[in-house]
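Working notes for the structure below.
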Amino acid sequence: MPVETIDTVEELRAQIAAWRKAGDKIALVPTMGALHAGHLMLVEAAQAKAERVVVSIFVNPSQFGPNEDFSRYPRRQEEDLAALEKLGVPLVFAPSVAEMYPQGFATTIGVDGPALGLETDFRPNFFRGVATVVAKLLIAALPDFATFGEKDYQQMQVVRRMVADLAIPTTILPVATMREPDGLALSSRNLYLGAEERQTAPLLYRVLTETASALRAGMAPAETLQAANARLSEAGFRVDYVALCDAESLERLQELPEAPARLLAAAWLGTTRLIDNIAV
Ligand code: PAF
């Protein structure tokens, strides 16, 4: 069956209402397109939970800073639709910017808690943009489930917090990060990496895994994180952060706690910014 593409909230609501009437559960997979195998895992996780899966494809301008890659962000709708059709996805919601941000748009979602620090230190408006568009998508579709990748761990925690705080009746399903055989986390932005940068990129994950092992072995967090930062810098990364945080609140930790912790990093290779994280 060909995948149906719609571009208005009205059409989305009508389709979902029909599915609900038939007693089906609905899952939403929010994406910005340029789909890779990691996105397809989000779709499969959604399909495992719900009879009907909607994938949204929308490169959301409000989550990009003025000097970020909004205009060069990869857009590949034809390939995306072909991949989704293969997986049997029945519906893609691909709205225009005007549909999501109509003339006079003046309402945004402010997020604190897990949104503070880390990405926000470098991309101050990022989570306001993400939270606003995700809230709009969830309110439009009111799905039973929505899948989010652990690759964007802080984003996932911000969305979970927002959904709880606003009592949005959707269960957020986390999906593990998918990696290349050399460990590099799949990301649409990997397309920007030059050949040499692509060779260096897997070091980010290697350093995270070795740092997590060192922390588990009892090494002091401050020195261990500093050593991780130095190793990445020596290899040619420009490091934004390597941080040890509480896995839920994302508050920075000085000691390895009993409670689950997460090691998160963001670093540049040339003009490409990579992020990754692992459980400690
Ligand atoms: O992770 C992404 O692709 C985006 O941040 C999201 C969740 C689709 C919101 O635009």
Side-chain angles (χ1 to χ4, degrees), residues 7 9 12 27-43 45-46 53-65 68-77 79-80 83-84 89 91-101 105 107-111 114-115 118-120 122-141 143 145-163 166 168 170-178 185-192 250 264 266 272-277:
D7 57 12
V9 169
L12 179 67
L28 172 73
V29 182
T31 80
M32 296 206 299
L35 304 181
H36 51 64
H39 291 112
L40 304 185
M41 268 179 62
L42 297 180
V43 172
V53 171
V54 188
V55 175
S56 63
I57 298 180
F58 180 62
V59 184
N60 173 34
S62 75
Q63 69 189 73
F64 289 80
E68 292 182 11
D69 55 345
F70 175 67
S71 54
R72 76 167 178 144
Y73 195 86
R75 286 155 172 91
R76 311 179 148 193
Q77 192 145 323
E79 291 94 321
D80 291 348
L84 294 172
V89 169
L91 189 66
V92 166
F93 176 53
S96 63
V97 171
E99 177 71 9
M100 294 305 275
Y101 298 105
F105 188 87
T107 307
T108 58
I109 306 272
V111 278
L118 303 170
E119 287 301 290
T120 299
F122 298 89
R123 309 178 71 192
N125 297 315
F126 176 62
F127 287 123
R128 177 179 291 273
V130 168
T132 302
V133 81
V134 171
K136 285 203 63 153
L137 291 168
L138 293 178
I139 291 167
F145 303 97
T147 52
F148 283 84
E150 286 188 348
K151 152 80 173 33
D152 298 293
Y153 191 84
Q154 189 177 13
Q155 166 175 281
M156 188 182 77
Q157 294 302 57
V158 168
V159 168
R160 277 178 149 168
R161 185 72 254 171
M162 175 187 77
V163 163
L166 300 183
I168 295 174
T170 298
T171 302
I172 302 301
L173 301 173
V175 178
T177 303
M178 191 162 187
L186 295 197
S187 162
S188 306
R189 289 189 168 101
N190 292 351
L191 293 167
Y192 301 154
L250 293 183
L264 303 102
T272 306
R273 189 168 183 273
L274 301 175
I275 58 171
D276 204 346
N277 67 87

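Start at 1 and go down the list; that is how both ligands and their atoms are numbered.
Ligand 1 has no nitrogen or oxygen under 3.5 angstrom from a nitrogen or oxygen of Thr31. Considering backbone and side-chain atoms alike, Gln63 places an N or O below 3.5 Å from some N or O of ligand 1.
Those atoms of ligand 1 with a heavy atom of Val133 less than 4.0 angstrom away are 9 (C), 10 (O). Taking a cut-off of under 4.0 Å to the non-hydrogen atoms of Gln155, the atoms of ligand 1 that pass are 1 (O), 2 (C), 4 (C), 5 (O), 7 (C).
Asn60 and Tyr101 share a donor-acceptor pair across their side chains, judged by distance under 3.5 Å alone.
Looking at Glu99 and Lys136, no side-chain N of the basic residue comes within less than 4.0 Å of a carboxylate O on the acidic one, giving no salt bridge.
Put simply, the side chain of Thr170 never gets that close to the backbone of Phe145: no donor and acceptor are under 3.5 Å apart.
Nearest heavy atom pair, residue Asn190 against residue Ala185, reads ND2-O, 2.9 Å.
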